[in-house]
Amino acid sequence: MNDLFAAFDDDATAASGTRFTELTARYLSDAYQGTGPVSTPLGAADIAARFDEPIPTDGLPLADLISRIERDIVNDVNRLAHPMAMGHQVSPPLPAAIWADQLISAMNQSVAVWEMSPVITPLEIRVIRWMTELAGFGPDAGGTFTSGGTEATFTALLAARAALLPNAWNDGLGGDQPVIMCGEHAHYAVMRAVAELGLGVRSALPIPTRDFRMDPVALENKVREARAAGRQIMAVVATSGSTATGSFDDL
């Protein structure tokens, strides 16, 4: 058992960290210089076959593990920083953010409560305040960071539901379902969030687009129709960069 803990301690040394840093630097250097293809020429079955093996029961020396990561993973990933990459949805990370990830993982602070992240919690609040100021919101505005667009859409629509139907959390929605409006090219995360919130996808009304952007005139007409029918409007979801074309609705 003492040998096991000693091995863990060895992994905490600068020498061990340098192995990963050097691998990361090699990957970045190759990608920026355009060395090799943008993506793998292999099919899914070929790659899956590399890992078709029993669950490991013993550890590997860190050097051997890093060698396999480079051979079986890094060599066939999408090189986002490659000069021929087309920027399909995911952008190459900033180099400084890559190195910061190591420190973030090492600290492993939880921002669920202040006592588990006494420095990161107020820092998170400060960054959110900066973001609300950039968006032109007032001093009472707040927010939260999410893992991506799907979680962000769900969170925003949950907040909209709480504003329109504050008793829904305890009492449910009942039979009077509000409507949500979004452009016809909005991400499927909108429909998914509407369904998960118990509103039913029929409550999501697609708005026609013009040049792949939500048509404001069509939106105004749909709002008038909904109000004339006695429907409550919970939210209008604008798209800030559609998946297919990158088009921005007229925010």
Side-chain angles (χ1 to χ4, degrees), residues 4-33 35 38-40 47 51 55-56 59-83 85 87-135 137 139 141-156 158-159 187 189 192-193 240-241 243:
L4 176 62
F5 287 120
F8 288 153
D9 291 341
D10 289 341
D11 287 348
T13 63
S16 296
T18 299
R19 295 180 187 274
F20 285 98
T21 303
E22 290 176 343
L23 173 56
T24 304
R26 286 197 299 275
Y27 163 76
L28 290 175
S29 177
D30 289 346
Y32 280 117
Q33 294 178 33
T35 303
V38 173
S39 189
T40 179
I47 293 177
F51 310 108
I55 185 172
L60 283 175
L62 198 57
D64 294 346
L65 176 62
I66 291 174
S67 294
R68 184 173 187 193
I69 290 173
E70 185 165 21
R71 182 185 70 246
D72 291 344
I73 298 177
V74 174
N75 284 337
D76 287 296
V77 299
N78 295 330
R79 291 174 170 81
L80 302 178
H82 194 289
H88 178 56
Q89 301 183 20
V90 183
S91 64
L94 291 171
I98 296 171
W99 310 126
D101 269 343
Q102 298 179 90
L103 182 59
I104 292 169
S105 296
M107 295 186 297
N108 197 30
Q109 304 290 286
S110 170
V111 294
V113 291
W114 176 84
E115 67 190 37
M116 299 178 69
S117 57
V119 177
I120 307 302
T121 295
L123 180 59
E124 178 188 40
I125 294 171
R126 178 67 266 172
V127 174
I128 288 173
R129 286 296 312 134
W130 285 339
M131 300 300 289
T132 58
E133 290 168 5
L134 282 173
F137 296 152
T144 183
F145 290 109
T146 63
S147 61
T150 296
E151 185 183 346
T153 299
F154 182 88
T155 303
L158 181 62
H187 194 267
R192 178 180 293 175
S240 299
T243 303

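From a predicted model like this one, the values you see are computed outputs, not experimental measurements.
- Counting only heavy atoms from C-beta outward, the side chains of Gln109 and Pro118 approach each other to under 4.5 Å.
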I'd like a table of donor-acceptor pairs (distance under 3.5 Å, sequence neighbours excluded) in which one partner is a side-chain atom from residues 99-108, with atom names and distances.
| unit_1 | atom_1 | unit_2 | atom_2 | d |
| --- | --- | --- | --- | --- |
| Trp99 | NE1 | Pro95 | O | 3.4 |
| Gln102 | OE1 | Thr21 | OG1 | 3.4 |
| Ser105 | OG | Asp101 | O | 3.0 |

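- For Arg192, the side-chain hydrogen bond (donor to acceptor under 3.5 Å, both in side chains) test picks out no residue, with sequence neighbours left out.
- Thr155 and Glu151 are not linked by any side-chain donor-acceptor pair at a separation below 3.5 angstrom, with hydrogens and angles left out of the test.
- Taking each heavy atom of Gly142 and Thr132 in turn, the nearest pair found is O-CG2, 3.9 Å.
- Contact annotation: the side chain of Trp130 never approaches that of Leu134 to less than 4.5 Å [non-hydrogen atoms, C-beta and beyond].
- Between Asn78 and Val38, the closest side-chain pair of non-hydrogen atoms is not below 4.5 Å.
- Side-chain contact, Arg19 with Ser16: no donor N or O sits under 3.5 Å from an acceptor N or O.
- The 12-atom threshold is not exceeded at CZ of Phe137, counting heavy atoms of other residues, nucleotides or ligands nearer than 6.0 Å.
- The structure places CG of Leu123 at 10.0 Å from CD1 of Ile128, a figure rounded to the nearest 0.5 Å.
- With contacts defined as side-chain heavy-atom distances shorter than 4.5 Å, the pair Pro83/Tyr32 does not qualify.
- Side-chain atoms of Arg79 do not come within 3.5 Å of backbone N or O of Leu28 as any donor-acceptor pair.
- With rounding to the nearest 0.5 Å, the separation of CZ in Phe20 from CD1 in Ile69 is 5.0 Å.
- When side chains are defined from C-beta on, Thr13 does not count as touching Thr18, because their heavy atoms never get closer than 4.5 Å.
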Checking side-chain contact (heavy atoms from CB on, under 4.5 Å) for the pair Ile73/Phe51: CA distance, chi angles, key distance, verdict? CA-CA 10 Å; Ile73 298 177; Phe51 310 108; 4.1 Å; yes

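- We find the CD1-OG1 distance between Ile98 and Thr24 to be 7.5 Å, quoted to the nearest 0.5 Å.
- In this view, Arg68 and Glu53, Asp72 satisfy the side-chain hydrogen bond (donor to acceptor under 3.5 Å, both in side chains) rule, not counting sequence neighbours.
- Among pairs with a residue in residues 114-126, those fulfilling salt bridge (charged side-chain N to carboxylate O under 4.0 Å, His left out) read Arg126-Glu133, at least two apart in sequence or across chains.
- Scanning both residues, Ser110 and Ser117, for their nearest heavy atoms gives O-OG, 2.9 Å.
- The stretch residues 88-97 participates, sequence neighbours left out, in no salt bridge (charged side-chain N to carboxylate O under 4.0 Å, His left out) pair at all.
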Would Ser29 and Arg26 count as a side chain to side chain donor-acceptor pair (under 3.5 Å) here? Give the steps. CA-CA 5 Å; Ser29 177; Arg26 286 197 299 275; over 6 Å; no

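- Scanning for side chain to side chain contact (heavy atoms under 4.5 Å, CB included) contacts around Ser91 gives an empty result, with sequence neighbours left out.
- The OH atom of Tyr27 lies 5.0 Å from the CG atom of Leu80; values are rounded to the nearest 0.5 Å.
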